[in-house]
Amino acid sequence: MSDTTELTDLTVKESLTALTKGQISSRELTEAFLRRISTHEADVHAFITTTPEMALDMADGADDTRSQLKKEDKPIPALLGLPLAIKDVLCVDGVRATCGSKILEDFKPPFNATAVDKLLDSGIVILGKTNTDEFAMGSSTENSAYGVTHNPWDVKRVPGGSSGGSAAAVAAKFCPTALGTDTGGSVRQPAAFCGVTGIKPTYGRVSRYGLIAYGSSLDTVGVLARTAEDVETIFRLTAGFDERDATTVDVPLADAVCRDGADIKGLRIGVPKEYFIKGIHPEVEQSVRDAIETFRGLGAEIIDISLPHTEFALPVYYLIAPAEASANLARYDGVRFGLRTTNENMMQMFTESRGVGFGPEVKRRIMLGTYALSAGYYDAYYGQAQKVRMLIKADFEDVFLKVDAVAAPVAPTTAFKIGRHGDDPLAMYLEDVFTLPANLAGIPGLAFPTGFDNDRLPIGMQLMGKHFDEETLFKLAHVFQHHTDWHLKTPVL
Ligand code: GLN
């Protein structure tokens, strides 16, 4: 255990076991990750901010706490001494939270997001804040004001987005796990592009207090790690009712299901024909179909289903998300947060601060959203989109009478080259076709690796489940990972 390259290979589970047995200290583990970050971060650029001093302080604190609690024979917090990274849209007290935007370049929140707070209570060590598309708007992490993140499998390619920094950090072994957020696919798609596992929880399962808002009826806080078991461990500790987020619901969590002997016999997996459409990369389709056959071999029942309103998810999402974003981003006026230009006239200060502070994609969304919400157009666009959203949700409710989970690709392609969709926002939005429906319906989705394409780029599939039934998704993915080794492959940097 003394070789540092080995320490960064450890999963969450292995790290916690080694910490518990006293084979390693949190300091050693944290130093190993910090060293790996400083060696390879220039190639990957997964972070907007690293917090090495804070991390080492936290690690020393965790080591002291452990020996103290041991002496007193008291229970040890579940994640004591575990290093992780946090997407830069979640607030950590005293650490700048930029949201990938110039407008929040110097914003240091004076409080923790609830999800972060809960993990701190469990004993984590924070390594830094990961790169993201500006205000989580994007599918490639190219829309960050702090430069693009590179996919560790091929640094000429994007890591996906918007949680591309978190996914790349886990794939590059800069951390064993990271928090992300998913409004329309931003945990699942980068997980697929980087060959890691990621959960988008049910809407209302994990508090968004301290998550800087993008689309409030869609935003969720998720987790990325290498294995379903690790993702489940962290997810469970972030979940639960929070009086600071009125959308959280107090639905009890089932016991952890990623255990030896987990059984998926008889579980019914639906395969929707609308997700295997023209335009999907043949190698992606093949890999997902092979994975579905693996599930069949493991005892699951495979059922063909239809989700007839799937094709409307894209236009519906790209009305609702920008509409909500335009309202959420109205608060950045140069007065209360972040960047302020110097102008004689107040109106000019508002407009110039926003003009200088926001990047092009955010401006595009604010214009789209403001238009869709404007008097005279509201019913035709936003109102109509909300109605179709209900049809998409009803599709899922219907199929979940017959199946326990829905299996689908995460994205139509594998990681694309940096700059490929540069001047074509519509092509970029098309990357999200398969992930948006789960957000519109509020259901959970879990992405995990199922293979590689001919360029040796990871392919992922997703399982979507009933509201508050993350459990079935974890169980399926865990059993799959027990019998396959795609999730164990890591890129060479
Ligand atoms: N790619 C989608 C968008 O740009 C989803 C982003 C997200 O989930 N945060 O809106």
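First listed ligand is number 1; within each ligand, the first listed atom is number 1.
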* **Which residue and heavy atom of the protein sit nearest atom 2 (C) of ligand 1, plus the separation** => D432 OD2, 3.1 Å
* Asked: Would one find an N or O of G161, backbone or side chain, under 3.5 Å from an N or O of ligand 1?
  -> no
* Within 6.0 angstrom of Y377 OH, more than 12 heavy atoms from elsewhere -> no
* **Y371 and Y381 aromatic ring geometry - parallel, tilted or perpendicular at 30°/60° bounds** => tilted
* Inspect the contact between K102 and E105 and indicate whether a charged nitrogen and a carboxylate oxygen are less than 4.0 angstrom apart. => no
* To do: Please check if the distance between the ring centroids of Y214 and F135 is under 6.0 Å.
  => no
* To do: Of the side chain and backbone of Y214, name the one, both, or neither that has a heavy atom under 4.0 Å from an atom of ligand 1.
  => side chain
* Structure fact -> Residue, atom and distance of the protein heavy atom nearest atom 5 (C) of ligand 1 read Y317 OH, 3.3 Å
* Any idea which atoms of ligand 1 are less than 4.0 Å away from a heavy-atom of G184? -> 5 (C), 7 (C), 8 (O)
* Asked: If we only count N/O pairs under 3.5 Å, is G138 in contact with ligand 1?
  -> yes
* Asked: Based purely on interatomic distance, does G185 place a nitrogen or oxygen under 3.5 Å from a nitrogen or oxygen of ligand 1?
  -> yes
* Asked: Under 3.5 Å, is there a donor-acceptor pair between the side chain of T149 and the main chain of T141?
  -> no
* Asked: Looking at atom 6 (C) of ligand 1, what's its closest protein heavy atom, distance included?
  -> S186 OG, 2.9 Å
* Test of ring centre spacing under 6.0 Å for F448 and W486 -> no
* Would you verify whether the NZ or CZ of R336 falls within 45 degrees of the ring axis of F350 while also being under 6.0 Å from that six-membered ring's centre? => no
* To do: Tell me yes or no: between the side chains of N439 and R389, is some donor less than 3.5 Å from an acceptor?
  => no
* To do: Could you establish whether E361 and ligand 1 come within less than 4.0 Å of each other, counting only heavy atoms on the residue side?
  => no
* Establish, yes or no, whether a centroid distance under 6.0 Å links the rings of Y429 and Y317. => no
* Give the numbers and elements of all ligand 1 atoms closer than 4.0 Å to a heavy atom of M137. => 4 (O)
* Structure fact -> For Y318, the atoms of ligand 1 under 4.0 Å from one of its heavy atoms are 1 (N), 2 (C), 3 (C), 4 (O), 10 (O)
* Asked: Of all the heavy atoms in T181, does at least one lie under 4.0 Å from an atom in ligand 1?
  -> no
* Asked: Can you tell which part of R365 has a heavy atom less than 4.0 Å from ligand 1: side chain, backbone, both or neither?
  -> side chain
* **Which of the ligand 1 atoms, numbered from 1, are nearer than 4.0 Å to a heavy atom of A136** => 6 (C), 7 (C), 9 (N)
